[in-house]
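Quick notes on the structure that follows.
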Amino acid sequence: ADTAVLAKGYDVACAFVNDKICAQTIRVLQDCGVRMLALRCAGYNNVDVSAAAKAQLPVVRVPSYSPSAVAEHTAALLLSVNRKTHRAYYRIRDNNFSIHGLMGFDLDGKTAGIIGTGQIGSIFARIASGFGMRVLACDPFPKDNSLEYVSLDQLFARSDVISLHC
């Protein structure tokens, strides 16, 4: 609500999943002349949709996005954290070619624990398998018959890396 005034003079305000769009925020947006609220996420749970409807402020969202792109980004983050490529990048820019502190581990042969096996989690499971990883999964509604589902406690105990897709 305290930053909504920054939208003054614009037809559309854009919010992310972490932004709380309460009735007060909607009033500020309306007072600023905003005529639409665009969300950079799939859900509406952070928006007071009833207040938006009363203010006649349309709320639009991203109803579908590429689950493959999100799963691939997850793999990129896993590789970056494991191989510390983000740190290596800065070292190289500074002409420091030391590998001290940059050693990761082979993913091949390790176990990936995947919590949540909807579209993104299932795709990430295939990617992890492609790295040669064993995959364990935990989901209250198992839907991928190719995965080995275990309890959350078992997943925590048996996984080398854990990826959350809820």
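Values in this document were obtained by computation on a predicted structure and should not be read as measured data. Residues: numbered from 1 along the sequence shown.
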Roughly how far, to the nearest 0.5 Å, is [atom2] of [Y] from [atom1] of [X]?
| X | Y | atom1 | atom2 | answer |
| --- | --- | --- | --- | --- |
| Cys138 | Asp153 | SG | CG | 9.0 Å |
| Ile120 | Ile114 | CD1 | CD1 | 12.0 Å |
| Asp139 | His165 | CG | NE2 | 11.5 Å |
| Met36 | Gln56 | CE | CD | 13.0 Å |
| Thr85 | Leu79 | OG1 | CG | 7.5 Å |
| Ser66 | His73 | OG | NE2 | 12.5 Å |

Looking only at heavy atoms, which two atoms of [X] and [Y] are closest? And how far apart?
| X | Y | result |
| --- | --- | --- |
| Val5 | Asp2 | CG1-O, 4.2 Å |
| Ser122 | Thr117 | OG-O, 3.0 Å |
| Ile26 | Ala52 | CD1-N, 3.5 Å |
| Phe124 | Ser163 | CE2-CB, 3.6 Å |
| Ala128 | Val135 | CB-CG2, 4.0 Å |
| Ala4 | Val28 | CB-CG1, 3.5 Å |

Would you say that more than 12 heavy atoms from the other residues, nucleotides or ligands in this model lie under 6.0 Å from the [atom1] of [X], or not?
| X | atom1 | result |
| --- | --- | --- |
| Gln119 | CD | no |
| Tyr44 | OH | yes |
| Lys143 | NZ | yes |
| Arg40 | CZ | yes |

Hydrophobic cluster identity match, [X] and [Y], side-chain contacts under 4.5 Å:
| X | Y | answer |
| --- | --- | --- |
| Val17 | Val47 | no |
| Leu164 | Leu78 | no |
| Val60 | Val12 | yes |
| Ile123 | Leu147 | yes |

Please tabulate, one pair per line, all N/O donor-acceptor pairs under 3.5 Å involving side-chain atoms of residues 96-111, not counting sequence neighbours.
residue : atom : partner : partner atom : Å
Asn96   : OD1  : Ser98   : N            : 3.0
Ser98   : OG   : His100  : N            : 3.1
Asp106  : OD1  : Arg83   : NH2          : 3.0

For side chain to side chain contact (heavy atoms under 4.5 Å, CB included), just list the numbers for Gln154 and Leu136, CA-CA rounded to whole Å, side-chain angles, deciding distance to a tenth of an Å, and then say yes or no.
CA-CA 9 Å; Gln154 288 177 324; Leu136 300 177; over 6 Å; no
Any heavy-atom pair between the side chains of Ile115 and Phe156 that's under 4.5 Å?
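With C-beta onward as the side chain, the pair touches.
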Is the backbone of [Y] close enough, under 3.5 Å, to the side chain of [X] for a donor and an acceptor to pair up by distance?
| X | Y | result |
| --- | --- | --- |
| Ser159 | Ile162 | no |
| Tyr149 | Asp144 | yes |
| Asp19 | Asn46 | no |
| Ser80 | Ala76 | no |
| Arg61 | Cys41 | no |

